Amino acid sequence: MIDLAQCVSRDGSQVYRRVFRDQAVYELEREYIFGRNWLYLCHESQLANPGDYVRAYMCDTPIIVSRGDDGNIHAMVNSCSHRGLPVCRSDSGNAKRFVCPYHNWSYRSDGSLAAIPQDRKLGSESCKSALGLKKVPRVASYEGLIFGCFDERVESLDDYLGDMKFYLDSLFRRFDAGIEVVGQPLKWSLSANWKLPVENQLGDVAHGPFLHNSLLGGTDSVKEIDDYGLNCVPRPGHGAAVRLMPEDSDDSARAWGLEGIAALSGNAEYREYLLERQAMAEECIGKVGARIKGLTYGVYPNLSLLWSNSTLRVSHPRGPGEIDYWSWWLLPKDAPEGIRKLLRSNFTLMFGPGGLLEQEDGEAWSQQYNGVNISYMDDSPLHYGLGQGSEGPHPELPGQIGSCYSEHYARAFYQRWRQDIENGLRRAGA
Ligand code: FES
Ligand code: FE
């Protein structure tokens, strides 16, 4: 039996190393974190037409997400009711039926079973209505982001996101034509625990000028973060690291994406487009929303969003020490072709398996995973106490707000993590 006090301290400021490596802890996470919370599946722009589908994962469960003939979005487990094979093998596409390769049972895009070829030969009629693909019972979306939950009793996605919606809106509603996800996600494996990239992108602004010194050290970006950076916890587990630009700042200081490689290119069309969009931002997201310039976001438990590098990512666990990392490219729907090209370079050059910053982060997470495997250190928890007690309400922003160097985002995450497992065990009567 796991002693949760030996995993995470009540205040979240101490996290024991076993949390990142024990198989038994991972089993609890599968059950009570991934089994009970809303998990990101895909973006609505990937499922524009009836029959469109993508493959996804909920923790390590393979999922098909599709738009049915009825126009609704369905999520079901990618495993045949006959002998368990995956019935969908390509990452995305459009299909009238998912046909299992073993004995050719075929399923409609809503997961219901359409035909069993053997029935014809046998002259029998199996009860097809009971043999559809197993459905994910709850599916919902917010601003195009589609989530699923294995627990029928989960609160609505709206309540689950809570004030995180304010921060999501500041990106997703900034562009009146909307945001779209383009192409397939980049996918790669990491030898690390799934929580390490999540925690990093929930609010670890502090590593930027050090780990990424070659790119960021001594730059104006770091100065801007020092001056205006905040870590926001709209609800424990979720997080938004942002810059709240001053009231007297102009559009060029506030515009989304006017930084990084795309800006360094000096492309005038790109600059003009982003300034045009920023000029409309107040109308779309209000005065405060328009002053927000995000850094990184996290939606509990394992969705991250890097604002300026146009990427959404999910840390899929494959046991305690392996991650299947997926990263999508997103951009404003109405971005002209030249700008799409620039934003794509920005995405792939910085974040992705060969990305400059991703290489440094991935190396840090792998080394961190080595560090949590030193059993002699099992009585020495990792310290998450920086800035403890300095967070609080903010006159303009929802949630608990602190300096961007405060670790309250991580304390809140691990407190939520412990609470979820405690609640789960209590409900299970363990
Ligand atoms: Fe799918 Fe037999 S395993 S049809
Ligand atoms: Fe980083």
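Fair warning: this is a prediction, and the values are worked out from it, not measured in the lab. For ligands, and for the atoms within them, numbers begin at 1 and follow the listed sequence.
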**Message:** Would you say the Fe ion (ligand 2) has Asp204 as a near neighbour, meaning an N/O/S atom of that residue under 2.8 Å away?
**Reply:** no

**Message:** I need the atoms of ligand 1 closer than 4.0 Å to a non-hydrogen atom of Arg83, numbered in the order shown.
**Reply:** 3 (S)

**Complete:** Note: ligand 1 atoms sitting under 4.0 Å from heavy atoms of Cys100 are 1 (Fe), 3 (S), 4 (S)

**Request:** Give the numbers and elements of all ligand 1 atoms closer than 4.0 Å to a heavy atom of Tyr102.
**Result:** 2 (Fe), 3 (S)

**Fill in**
In ligand 1, the atoms that come under 4.0 Å of a heavy atom of Cys80 are 1 (Fe), 3 (S), 4 (S)

**Geometry at the Fe ion (ligand 2) - Asp361 OD2 versus His212 NE2 angle, rounded to 10 degrees** = 100°

**Prompt:** Can you say whether the rings of His238 and Tyr160 are parallel (under 30°), tilted (30 to 60°) or perpendicular (over 60°)?
**Reply:** perpendicular

**Message:** Can you classify the ring geometry of Phe20 versus Tyr414 as parallel (below 30°), tilted (30 to 60°) or perpendicular (above 60°)?
**Reply:** perpendicular

**Item:** Residue of the set Val299, Ile179, Leu145 for which side chain to side chain contact (heavy atoms under 4.5 Å, CB included) holds with Leu312
**Value:** Leu145

**Asked** How close do Phe98 and Cys88 get, heavy atom to heavy atom, and via which atoms?
**Response** CD2-CB, 3.9 Å

**Request:** Confirm or rule out an N/O/S atom of His82, from backbone or side chain, lying less than 2.8 Å from atom 2 (Fe) of ligand 1.
**Result:** yes

**Item:** Tyr57 six-ring face occupied by Arg318 cation (under 6.0 Å, within 45°)
**Value:** yes

**Request:** Describe, in one word, how the ring planes of Phe34 and Trp194 are oriented to each other, choosing from parallel (under 30°), tilted (30 to 60°) and perpendicular (over 60°).
**Result:** perpendicular

**Item:** Closest protein heavy atom (residue, atom, distance) for atom 2 (Fe) of ligand 1
**Value:** His103 ND1, 2.1 Å

